[in-house]
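To keep things clear, I will list the structure first and then write my remarks on it.
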Amino acid sequence: MTYLITGATGLVGSVITKQCADQGIKVHYLTTSKDKIRATENEQGFFWNPKTKEIDLNAFKGVTKIIHLAGATVAKRWTESYKKVILNSRIDTSRLLLESLQKIDHSVTQIISASAIGIYPDSLTKYYMESSTDKSDDFLGNVVEKWEEEVDNFSTIGLKVSKVRIGLVLSDKGGALPKMAQPVKFGVGSAFASGKQWQSWIHVKDLAGIFIFLAKNDLGGVFNGVAPDAVSQNKLIKAIGSALEKPVFFPNIPAFVAKLLLGEMAQLVLSSQRVCSGKIRQHNYQFKYPKIDVALNDLLG
Ligand SMILES: NC(=O)c1ccc[n+]([C@@H]2O[C@H](COP(=O)([O-])OP(=O)(O)OC[C@H]3O[C@@H](n4cnc5c(N)ncnc54)[C@H](OP(=O)(O)O)[C@@H]3O)[C@@H](O)[C@H]2O)c1
């Protein structure tokens, strides 16, 4: 069994690749960096350049499932030109995969794509299921909506399409957690604004598990990739303090300071989405890290 992964060299992709190896699934991956190409018993890298539509079509040989994660990071200042990179990197990669499949004989039956909970509008009170028709009309919401539309096009060539709306991924290797934990370690950690905003987090190993679960069980449609235990930002910062055995006593950082520091990207720390993972659990996916304390003790304890 061989899966093709885009963005396999990133935070989430590297854990999916490892879990595939543990389960005897071979991984082909597409990378934009020639120096990240490796060939081992379990993995084989291939080059692509979605901007120029260059792609090594050998990447699709023997592949039955595509896990599509590639996209430029959103954790970099959102200048007007960088906003285009965020959107276009997701559109160009999706289109190049689809156009490639249209050109060749292949054995791919399903694509499981990353998406994001940023598609849901900022709200302190709503509880979002996959069936929600509410769509955020801010920058991230628009990016995610266009990205999902692009991924839906794979159904026109008969592929099953699965989309994982990912929440705040917790990992000790990168992403938001090490940045949040650093000030807490030095006794100056605090939440932003009221701190009441919901943080729908997920342990990276559970998220990787969900991608493989959807592939193995042939499950199509939208799935929220979040743990069952969304918490407020205040609670998240306090839980980080507990895992590190450091008290959190600093007052919250006002919203205007976040906006001064981060510009429009402050949306990432100020917006609130309480998201439900009931659908994946109904399909019997078992979370290894369902509670925030368990997840943080694993990553920071
Ligand atoms: N981490 C989170 O909290 C979170 C939350 C919601 C959604 N997501 C989404 O989940 C996906 C995976 O997240 P992640 O945290 O693993 O991301 P990541 O660590 O930033 O990795 C993304 C990968 O995409 C590839 N990439 C970067 N820029 C690209 C570009 N311009 N064109 C084509 N490929 C590019 C890179 O692979 P190569 O260098 O090998 O090409 C990179 O390793 C992303 O699409 C992200 O938006 C993540």
Side-chain angles (χ1 to χ4, degrees), residues 5-16 31-33 36 50 68-93 113-120 122 136 138-148 164-185 188-193 195 197-208 211 225-227 230-231 233 236-237 240 253 255-273 275 295-296 299-300:
I5 307 182
T6 74
T9 61
L11 191 70
V12 178
S14 53
V15 181
I16 297 178
T31 176
T32 56
S33 301
K36 291 188 195 165
H68 179 34
L69 309 166
T73 181
V74 298
K76 204 168 133 180
R77 204 167 182 89
W78 296 354
T79 60
E80 285 312 309
S81 66
Y82 191 65
K83 280 180 172 178
K84 289 190 185 125
V85 175
I86 291 175
L87 176 63
N88 292 343
S89 59
R90 287 166 174 81
I91 304 294
D92 294 346
T93 49
S113 176
S115 174
I117 62 167
I119 198 163
Y120 300 122
D122 177 18
S136 169
D138 58 22
F139 167 67
L140 269 193
N142 286 323
V143 167
V144 179
E145 203 175 341
K146 290 190 179 123
W147 187 13
E148 288 201 356
V164 184
R165 290 182 178 160
I166 303 173
L168 178 71
V169 179
L170 300 185
S171 159
D172 53 355
K173 307 276 185 313
L177 182 61
K179 292 189 193 103
M180 293 171 107
Q182 191 70 3
V184 176
K185 273 182 199 158
V188 290
S190 56
F192 288 96
Q197 55 278 39
W198 288 99
Q199 301 274 265
S200 294
W201 60 273
I202 185 164
H203 191 301
V204 68
K205 288 185 195 161
D206 269 328
L207 180 61
F211 274 91
V226 296
V231 293
Q233 201 176 93
L236 178 61
I237 295 289
I240 291 172
I253 302 163
F256 81 89
V257 176
K259 285 178 191 156
L260 272 177
L261 288 173
L262 303 169
E264 198 179 343
M265 199 174 88
Q267 192 187 321
L268 292 178
V269 293
L270 297 177
S271 79
S272 170
Q273 283 99 3
V275 177
L296 291 174
L299 295 166
L300 301 173

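Count residues from 1 along the sequence.
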Answer whether the closest heavy-atom distance between the side chains of [X] and [Y] falls below 4.5 Å.
X      : Y      : answer
Ile240 : Leu296 : yes
Glu148 : Glu145 : no
Ile166 : Phe211 : yes
Leu236 : Leu168 : yes
Leu270 : Leu262 : no
Trp78  : Leu140 : yes
Ser136 : Asp122 : no
Arg165 : Val275 : no

Do you know the tightest heavy-atom contact between [X] and [Y]?
X      : Y      : answer
Lys36  : Thr9   : NZ-OG1, 3.5 Å
Pro178 : Ser171 : CD-O, 3.6 Å
Ala258 : Val269 : CB-CG2, 4.4 Å
Tyr82  : Ala72  : OH-CB, 3.6 Å
Val204 : Leu11  : CG2-O, 3.9 Å
Trp147 : Ser113 : NE1-OG, 4.1 Å

List in chain and number order the residues that pass ring-ring contact (aromatic ring centres under 6.0 Å, His included) with His68, two or more places apart in sequence or in another chain; answer none if no residue qualifies.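 With neighbours one apart ignored, the set is empty.
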Short question: side chain of [X], backbone of [Y] - any donor-acceptor pair under 3.5 Å?
X      : Y      : result
Arg77  : Glu264 : no
Ser271 : Leu268 : no
Gln267 : Met265 : no

To the closest 0.5 Å, what do you measure between OG1 (Thr79) and NZ (Lys84)?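 Going from OG1 on Thr79 over to NZ on Lys84, the span is 9.0 Å.
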Value rounded to 0.5 Å, distance of CD1 in Ile119 from CG in Asp138: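 One finds 11.0 Å between CD1 of Ile119 and CG of Asp138.
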Given Gln233 and Phe192, is the side-chain contact (heavy atoms from CB on, under 4.5 Å) satisfied, shown in steps? CA-CA 8 Å; Gln233 201 176 93; Phe192 288 96; 3.5 Å; yes
Scan side-chain atoms only and decide if Ser200 and Gln273 contain a donor-acceptor pair under the 3.5 Å cut-off. no
Counterpart residues, side-chain hydrogen bond (donor to acceptor under 3.5 Å, both in side chains), relative to Asn142 (two or more places apart):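 In terms of side-chain hydrogen bond (donor to acceptor under 3.5 Å, both in side chains), with neighbours along the sequence ignored, Asn142 is linked to no residue.
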Are Leu207 and Ile16 close enough, and set up right, to give a side-chain contact (heavy atoms from CB on, under 4.5 Å), and what steps lead you there? CA-CA 8 Å; Leu207 180 61; Ile16 297 178; over 6 Å; no
I would like to know whether Thr6 and Thr93 meet side-chain contact (heavy atoms from CB on, under 4.5 Å); could you show each step before the answer? CA-CA 9 Å; Thr6 74; Thr93 49; 5.8 Å; no
